[in-house]
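As structure tokens, the structure follows; a few thoughts come after it.
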Amino acid sequence: MKVLMLDQAKCTGCRACEYACSFEHTGKFNPLDSRIKVNEFWEDLTFVPSVCLQCERAYCEEVCPTSALTKNPETGVVELNKEKCIGCKQCIVACPWGSIKLDHTGKEVIKCDNCGGDPACIKVCYPGALSYEEVEDITNVKVQETATRLKEIAKDLVKGGA
Amino acid sequence: MIKGGFKGKLLRVNLTTKEVKSEALNEEWAQKYLGGRGYGTRLLLEEIDPKIDPLSEENKVIFATGPLDGTLAPSSGRTMVITKGPLNGAIACSNAGGHFGPALKHTGYDMIVVEGKSAEPVYIWINKGKVEIRSAKEIWGKLADESDELIREQTHPLAETMTIGPAGEKLSRISSVMFNGHRASGRTGVGAAVGSKNLKGIAVRGNEDTPVADPEAFMKAIYKARDILSKDAFAGQGAAMLGTAMLVNVINGVGAFPTNNAQDAYFPEANKISGETLREKNLIRNEGCAECPIACGRVTVVKSGPYKGTIGGGPEYESVWSFGAMCGVSDLDAVISANHLCDKYGIDTISMGSTVACAMELYEKGYMPKEDAPFELRFGSAEAMLKAVELACKQEGDFGKLLAQGSYRLAEHYGHPELSMSAKKQEFPAYDPRGIKGMGLEYATSNRGACHVRGYGTAVEVLGDADQYAYEGKAALIKTLQDLTSALDSSGICLFTTFGLSANELAEMVSTATGFSIDAQEFMKIGERIWNIEKLFNLKAGFTRKDDTLPPRILNEPIKTGPSKGHVEDLGKMLDEYYQLRGWDKDSVPTDEKLKELEVQILK
Ligand code: SF4
Ligand code: SF4
């Protein structure tokens with residue numbers, strides 16, 4: 001199963017992902033309609049992108065009184081059925097990440113749908129802060145990165161002993 | 001009817017009367033001048049007398065976006081600040097990246113025209129089309145980044161801000177305007193223009209979209225542009241890797257790196273302050289302005305030693321040079337500290353470093369009484385450089401106050417104006433014209449005073465395939481680049497996109513966004529038109545041909561060492577040809593035919 005992965009360390013804060021997302025979903029450029037949000041901490045010049053994590057146990061789905069939100073077992077995406085949504089905003093309250101939100105009119109609930117399997121945001125993220133990959137591949141890369149760091153420490157330890 | 005790119009409205013804020021007005025954008029002007037620099041200059045020509053004192057109540061300050069701000073066009077986060085320049089009284093336009101421009105667009109306005117002067121310090125808060133003028137009494141005196149934080153605390157955490165630092169408040173003629181606390185509109189002293197109005201800042205937050213005329217064609221055009229940029233050696237790889245400081249070794253390597261107040265053009269210790277060293281020792285991460293795939297911005301910190309301290313943006317290539325080679329300093333940590341300090345106080349790093357260098361030469365040559373300087377001002381002393389920058393930032397004592405007015409006024413004060421490395425009183429940046437011939441023509445003819453981003457001939461003369469020492473063809477090259485960048489500056493995107501994009505791609509983005517039929521040729525004509533109305537502003541302000549010149553040192557003193565040893569700049573070889581190509585007479589006045597061709601004869 002493919003997931004949207006975020007690498008904060010690589011994000012440059014350009015927000016191209018927000019515009020790409022907004023355009024993909026509405027045909028317009030409006031960051032308030034973007035499902036992905038880049039948070040800026042100017043005092044530290046740090047940038048943190050955040051997007052719906054498509055939780056296994058999705059609180060938004062659990063609280064939704066009309067079953068407008070449902071987890072698609074095949075794609076892993078928590079899907080929003082606009083027809084069923086009554087705009088009660090319970091999902092917004094329940095989501096621990098703030099990843100489900102209202103659009104620029106302040107009325108319509110919007111959330112990330114992975115663009116149906118071809119996310120627009122990753123196409124404009126040149127530094128590679130966003131990627132869309134198989135979960136196993138990502139964990140493998142992480143394991144390897146950590147192992148590489150540990151290897152350096154191990155080498156130093158051996159040297160220290162010699 | 002404007003179909004896209006523009007929101008079609010400008011906001012007028014009068015700080016004397018506290019009147020706030022929304023006005024329709026002049027569509028004819030939008031067609032003829034686009035937004036940003038072009039539209040702003042046209043508006044100033046209409047509304048102010050070019051002869052006025054730039055720090056008087058009559059001057060206006062315009063914050064303008066272009067039609068590409070607020071879209072997914074690459075590097076489209078520019079905000080232009082247009083005013084009559086405090087540094088020299090010429091038409092001034094200084095721009096910065098960041099996110100202010102797009103955010104302004106989302107509030108529903110293409111630009112803000114600030115008029116008059118407030119009796120008390122204020123800031124302007126534009127929240128989704130609602131405008132307030134608020135007291136800035138408690139923020140006055142604060143650093144630019146502190147002010148950014150305070151204003152966001154008082155308005156909205158996600159607001160984007162413009163702020164000035166203490167330098168702008170105290171009317172330093174080399175003060176800057178800061179966006180998001182760390183992106184500078186550095187040149188021409190725009191900070192003082194804002195400060196003279198008692199305006200501390202502007203915060204914006206919007207909820208409207210930016211419409212484009214033909215969304216499908218526009219997206220095709222911008223993905224094409226993004227693709228080209230990502231494959232470009234400089235924009236796609238070099239800049240991301242090393243930032244603009246990658247140029248330190250390149251420009252020094254061709255012998256055009258002004259050193260010790262341009263007494264030389266080669267700095268033997270360049271490698272200690274290079275982009276490579278910066279990456280290794282101080283870089284924390286890259287930063288990109290709005291929608292920018294290049295991300296040349298640096299986030300740096302001094303990790304140890306006497307200057308250990310804060311995280312900040314930059315330094316850019318120009319700042320590395322001005323505080324480094326220009327002052328003979330090879331201590332990168334000191335250079336970074338000076339840069340961070342200038343950003344906080346809101347002072348232009350190019351002018352500041354060059355002013356310190358000028359002071360060092362005045363001191364070493366005995367042209368200023370030793371007791372005027374509170375310490376030994378010797379080339380190569382990192383400590384002296386940093387102390388002098390601090391004095392100027394804080395405007396401490398008579399000497400600090402003098403330094404804060406730039407090298408021309410400093411050198412003039414001591415009776416040696418020829419030691420100011422400037423054109424039209426503005427300090428030139430990190431390319432020695434003796435080693436890159438076209439650059440001299442660019443500095444001399446730049447409407448806002450010496451400048452490297454009104455053409456950037458270096459891209460062709462050093463990084464491209466033109467001969468850096470040749471005079472032939474340079475007049476035509478510089479004219480073309482000046483026209484190109486004038487239109488580009490008015491469209492809202494960053495100059496660095498020209499490393500990969502030509503007028504074709506730029507015109508394609510602008511025309512699909514606005515719905516105006518603009519091809520490459522028309523794009524260039526818009527640029528030429530803008531260049532000419534800037535010139536008209538300057539002529540009315542009293543500038544003449546004799547102002548289109550360079551410091552005598554550049555024209556007469558050969559470079560002493562390095563690859564360009566022995567060279568001087570012969571401006572005369574290019575200037576007449578340049579005027580001719582421009583369709584101007586020998587006194588640099590545009591001919592009636594030229595103005596008619598550009599449809600601006602009424603402005604003469
Ligand atoms: S496109 Fe990538 S680098 Fe730019 S803000 Fe989004 S996540 Fe960060
Ligand atoms: S909207 Fe929030 S709660 Fe729902 S799946 Fe996404 S992250 Fe989880």
Side-chain angles (χ1 to χ4, degrees), chain A residues 6-50 98 101-108 110 115 118-131, chain B residues 70-77 97-99 102-103 105-106 128 145-146 148-149 152 157-158 160-161 180-183 205-212 215-216 218-219 222-223 226 229-230 236 240 284-301 310-313:
Chain A
L6 313 172
D7 186 343
Q8 286 83 358
K10 286 187 186 152
C11 177
T12 66
C14 76
R15 304 190 210 167
C17 49
E18 292 187 6
Y19 279 78
C21 176
S22 148
F23 189 85
E24 179 72 25
H25 290 92
T26 68
K28 298 210 167 108
F29 300 112
N30 190 334
L32 291 184
D33 290 342
S34 170
R35 280 74 172 152
I36 184 164
K37 169 91 193 102
V38 182
N39 298 279
E40 273 121 8
F41 299 93
W42 292 120
E43 38 306 348
D44 303 313
L45 287 171
T46 306
F47 316 105
V48 183
S50 64
K101 55 183 225 171
L102 294 176
D103 76 345
H104 76 278
T105 65
K107 291 189 178 129
E108 199 179 310
I110 54 174
C115 297
D118 186 18
C121 54
I122 58 160
K123 292 181 198 153
V124 292
C125 185
Y126 288 82
L130 308 175
S131 55
Chain B
T71 73
L72 188 53
S75 322
S76 55
H99 294 269
K105 216 56 171 294
H106 296 308
K128 303 181 179 172
D145 56 344
E146 284 171 4
D148 160 68
E149 266 190 81
R152 279 187 294 116
L158 298 181
E160 311 288 347
T161 68
N180 300 115
H182 73 287
R183 282 266 170 191
R205 179 173 177 263
N207 63 346
E208 291 187 19
D209 59 61
T210 313
V212 286
E216 216 170 288
F218 179 73
M219 286 306 258
I222 67 141
Y223 273 111
R226 283 178 169 269
L229 284 173
S230 72
I284 299 181
R285 59 159 74 229
N286 295 359
E287 190 216 352
C289 298
E291 326 309 326
C292 184
I294 305 171
C296 74
R298 309 282 92 180
V299 178
T300 51
V301 68
T310 53
I311 291 178

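Chain letters run A, B, ... following the sequence lines, proteins first and then strands; every chain starts at 1.
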Using heavy-atom distances under 4.5 Å, tell me whether [X] contacts chain B through its side chain, its backbone, both, or neither.
X       : value
A:Phe47 : both
A:Thr26 : neither
A:Leu32 : side chain
A:Asp44 : backbone
A:Val38 : neither

I want to check something: taking the side chain as every heavy atom from C-beta on, are B:Asp209 and A:Asp33 in contact at a cut-off of under 4.5 Å? no
Set of residues satisfying salt bridge (charged side-chain N to carboxylate O under 4.0 Å, His left out) with respect to A:Arg15, sequence neighbours excluded: A:Glu40, B:Glu160
Can you sort out the partners of B:Thr71 under side chain to side chain donor-acceptor pair (under 3.5 Å), two or more places apart, ordered by chain and number? none
Taking everything shown except A:Lys123 itself, do over 12 heavy atoms lie less than 6.0 Å from its NZ? yes
Donor-acceptor under 3.5 Å (B:Asn207 side chain, A:Thr105 main chain): no
For the aromatic rings, using the six-membered ring if either is Trp, is the centroid distance between A:Phe29 and B:Phe218 under 6.0 Å? yes
Centroid-centroid under 6.0 Å between A:Tyr19 and B:His99 rings: no
Can you tell me which of A:Pro127, A:Gly27, A:Pro31 forms the most heavy-atom pairs within a distance under 4.5 Å of chain B? A:Pro31
Under 4.5 Å, counting heavy-atom pairs only, tell me which of [options] racks up the most with chain A.
options                                : answer
B:Glu216, B:Lys128, B:Glu146, B:Arg152 : B:Arg152
B:Ile311, B:Thr310, B:Val299           : B:Val299
B:Ser230, B:Gly236, B:Gly313, B:Gly181 : B:Ser230
B:Asn180, B:Asp145, B:Ile294           : B:Asn180

What closest approach, in Å, do B:Arg226 and A:Ala16 show between heavy atoms, and which atom pair accounts for it? NH2-CB, 3.9 Å
Tightest non-hydrogen contact, residues A:Thr46 and B:Arg285, listed as CG2-NH2, 3.6 Å
Hey, could you give me the CG/NE2 distance between A:Leu45 and B:His182, rounded to the nearest 0.5 Å? 5.0 Å
Nearest-0.5 Å distance that lies between atom CE in B:Met219 and atom CD in A:Glu24: 8.0 Å
Could you look at [X] and say if it's the side chain, the backbone, both or neither that has a heavy atom under 4.5 Å from chain A?
X        : result
B:Glu149 : side chain
B:Val212 : side chain
B:Pro293 : both

